[in-house]
Amino acid sequence: MDSANLLRAVQSGYDRYLEDLRALVSLDCGSFTPSGVNRVADVCADRLSELKFSVRRIPHVQALGEAELGDCLVATLTGSGRARILLIGHMDTVFAPGTAAARPFRIEGTRAFGPGVCDMKGGLLAGFHAIEVLRESGWDDFAEIAFVCNPDEEIGSVFSGPIIREAAEGRDASLVLECARESGAIVSARKGVSGGPIEVVGRSAHAGVEPERGRSAILAAARLVEALHALNGRWPGVTVNVGTIEGGTRPNVVPDRVRMEIDVRGPDATAFDAATAEIDALVGAVTLDCSAAIRWFGEHRPMERTEAAARLVALAQEAAVEVGIGDLPAAATGGASGANTTA
């Protein structure tokens with residue numbers, strides 16, 4: 001395949017790419033706005049069908065107490081070669097309804113702005129346009145390309161995680177279409193991340209009349225927060241953060257309950273598992289006659305920089321030079337994505 005012709009074909013689609021980006025960015029599609037996510041799914045399903053993919057649309061089955069989520073798309077395209085490739089892009093954003101109207105899509109110089117313009121409406125469209133250019137060039141040197149468009153990445157892929165893991169089985173390569181780092185570096189390693197709420201339970205009492213009968217959940221929680229933050233630096237690259245905390249009712253009442261939320265991240269499985277185990281131990285050893293419990297949720301295992309991942313990076317770097325982009329650095333990041341799931 002002639003790289004110069006390929007690059008010209010990509011550039012010829014630039015105006016349509018921007019039109020598509022404007023249309024997608026104009027849709028509110030926060031994770032908990034399923035109607036908006038499904039409007040994005042409609043666009044994605046239409047584009048994949050245009051590209052001759054077979055598209056399967058999987059609705060979210062809402063369990064008791066769960067939030068309603070959008071649909072998940074799993075699309076496949078067969079070719080005449082041997083490689084089995086998986087592409088993943090998410091359709092949800094972190095933004096509340098009304099954000100698209102408050103911050104509408106705009107272009108200033110060489111930069112586009114708007115909610116989800118990079119993460120990851122731009123990424124979804126990059127996948128569609130890349131496949132379109134390759135198909136128009138006559139390229140079909142692959143056994144199968146699978147494309148998963150998931151509705152819940154920003155909340156830990158609670159619905160789509162099992163679907164992604166199933167789609168990833170037996171693949172030769174998995175490419176997650178998240179945006180690069182600010183430097184332009186592609187991501188070849190991601191920290192594992194987990195977290196959840198911790199509830200500390202004490203005993204209430206009147207703070208002036210009978211304080212000795214009380215067991216302050218706030219004081220116990222404060223000591224626990226210090227112990228949790230002391231884990232930072234114990235293992236290379238591990239971070240622990242208590243991000244929210246609330247408790248108590250009135251200043252003259254010994255508080256009997258505190259709720260806080262924790263975030264823990266680690267670059268490799270050994271450090272990540274050691275940190276989460278130590279958090280469990282600290283929560284179980286809360287002092288001052290109080291008790292505590294943690295409810296873990298949304299775990300992403302670490303995406304480590306394996307030899308296989310390094311080979312994909314090398315291929316991308318060779319391709320970047322070949323088409324005239326130039327140097328393409330690779331980086332590790334502390335954020336999680338669908339790549340943690342496939343890893």
Test item: [X] and [Y] side chains (from C-beta on) under 4.5 Å apart, heavy atoms:
{"X": "V254", "Y": "S204", "value": "no"}
{"X": "R215", "Y": "L288", "value": "no"}
{"X": "V158", "Y": "L69", "value": "yes"}
{"X": "E278", "Y": "R234", "value": "yes"}
{"X": "S174", "Y": "L87", "value": "no"}
{"X": "I88", "Y": "L86", "value": "yes"}
{"X": "P211", "Y": "H206", "value": "no"}
{"X": "C72", "Y": "V148", "value": "yes"}

If you round to the nearest 0.5 Å, how far is [atom2] of [Y] from [atom1] of [X]?
{"X": "S188", "Y": "E304", "atom1": "OG", "atom2": "CD", "value": "12.0 Å"}
{"X": "L315", "Y": "L328", "atom1": "CG", "atom2": "CG", "value": "11.5 Å"}
{"X": "I198", "Y": "T244", "atom1": "CD1", "atom2": "OG1", "value": "9.5 Å"}
{"X": "T287", "Y": "L282", "atom1": "OG1", "atom2": "CG", "value": "11.0 Å"}
{"X": "S194", "Y": "F297", "atom1": "OG", "atom2": "CZ", "value": "8.0 Å"}
{"X": "D28", "Y": "T93", "atom1": "CG", "atom2": "OG1", "value": "7.5 Å"}

Identify whether [X] and [Y] are in the same connected component of the hydrophobic contact network (ILVMFWY, side-chain heavy atoms under 4.5 Å).
{"X": "V193", "Y": "V238", "result": "no"}
{"X": "V37", "Y": "I163", "result": "no"}
{"X": "L177", "Y": "V10", "result": "yes"}
{"X": "V313", "Y": "V176", "result": "no"}
{"X": "L124", "Y": "F159", "result": "no"}

Discussion item. One pair to check against salt bridge (charged side-chain N to carboxylate O under 4.0 Å, His left out): R301 and D273. What are the steps and the verdict?
Written reply: CA-CA 9 Å; R301 300 297 296 170; D273 290 342; 2.8 Å; yes
Worksheet item: Any idea how Y14 and Y17 line up, ring-wise: parallel (<30°), tilted (30 to 60°), or perpendicular (>60°)?
Response: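 Taking Y17 first and then Y14, their aromatic rings lie parallel (interplane angle under 30°).
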Worksheet item: Angle class for the F147/F128 ring planes (parallel below 30°, perpendicular above 60°, tilted otherwise)?
Response: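 Because their plane-to-plane angle lies in the 30° to 60° range, the rings of F147 and F128 count as tilted.
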Whether the [X] and [Y] side chains hold a donor-acceptor pair (N or O, under 3.5 Å, no angle test) is what I'd like checked.
{"X": "D140", "Y": "S80", "result": "yes"}
{"X": "R265", "Y": "T239", "result": "no"}
{"X": "H60", "Y": "D152", "result": "no"}
{"X": "E178", "Y": "S337", "result": "no"}
{"X": "D280", "Y": "W296", "result": "yes"}

Which heavy atom in [X] sits nearest to a heavy atom in [Y], and how many Å separate them?
{"X": "S49", "Y": "V55", "answer": "OG-CG2, 3.7 Å"}
{"X": "R57", "Y": "P59", "answer": "O-CD, 3.5 Å"}
{"X": "W235", "Y": "A271", "answer": "CB-CB, 3.9 Å"}
{"X": "M120", "Y": "G89", "answer": "SD-CA, 3.5 Å"}
{"X": "G335", "Y": "R190", "answer": "O-NH1, 2.9 Å"}
{"X": "A100", "Y": "V25", "answer": "CB-O, 3.7 Å"}

Would you say the side-chain atoms of [X] pair up with the backbone N or O of [Y], donor to acceptor, closer than 3.5 Å?
{"X": "N38", "Y": "D71", "answer": "yes"}
{"X": "T33", "Y": "G36", "answer": "no"}
{"X": "N232", "Y": "V240", "answer": "yes"}
{"X": "R171", "Y": "A167", "answer": "yes"}
{"X": "S26", "Y": "R22", "answer": "yes"}
{"X": "H229", "Y": "V242", "answer": "yes"}
{"X": "N340", "Y": "K191", "answer": "yes"}

Worksheet item: Does F113 have R106 sitting over its ring (NZ/CZ under 6.0 Å from centre, angle to axis within 45°)?
Response: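 That pair qualifies as a cation-pi contact.
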Check the surroundings of atom [atom1] in [X]: do more than 12 heavy atoms from other residues, nucleotides or ligands lie under 6.0 Å from it?
{"X": "D327", "atom1": "CG", "value": "no"}
{"X": "R213", "atom1": "CZ", "value": "no"}
{"X": "E210", "atom1": "CD", "value": "yes"}
{"X": "E169", "atom1": "CD", "value": "no"}
{"X": "R39", "atom1": "CZ", "value": "no"}
{"X": "R56", "atom1": "CZ", "value": "no"}

Discussion item. Working note: L27 + L24, criterion side-chain contact (heavy atoms from CB on, under 4.5 Å); need CA distance, chi angles, decisive distance, verdict.
Written reply: CA-CA 5 Å; L27 297 176; L24 276 189; 4.3 Å; yes
Item to complete: Give the C-alpha distance, both sets of side-chain angles, the deciding distance and a yes or no for side-chain contact (heavy atoms from CB on, under 4.5 Å) between T341 and R165.
Response: CA-CA 7 Å; T341 305; R165 283 190 288 274; 3.7 Å; yes
Item to complete: Only one of S157, S31, S160 passes side chain to side chain donor-acceptor pair (under 3.5 Å) with D92; say which it is.
Response: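 With D92 as partner, S157, S31, S160 yield a single side chain to side chain donor-acceptor pair (under 3.5 Å), made by S31.
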[X] and [Y] ion-paired at < 4.0 Å:
{"X": "R84", "Y": "D172", "result": "no"}
{"X": "E108", "Y": "R111", "result": "no"}
{"X": "R203", "Y": "D256", "result": "no"}
{"X": "E199", "Y": "R295", "result": "no"}
{"X": "R47", "Y": "D42", "result": "no"}

Item to complete: Just do the side-chain contact (heavy atoms from CB on, under 4.5 Å) check on L6 and V133 with the steps written out, would you?
Response: CA-CA 7 Å; L6 190 63; V133 167; 3.5 Å; yes
Practice prompt. Report the C-alpha separation of H90 and E154 in whole Å, then their side-chain angles, then the decisive distance to 0.1 Å, and conclude whether the side-chain contact (heavy atoms from CB on, under 4.5 Å) test is met.
Written response: CA-CA 8 Å; H90 64 86; E154 296 290 3; 3.3 Å; yes
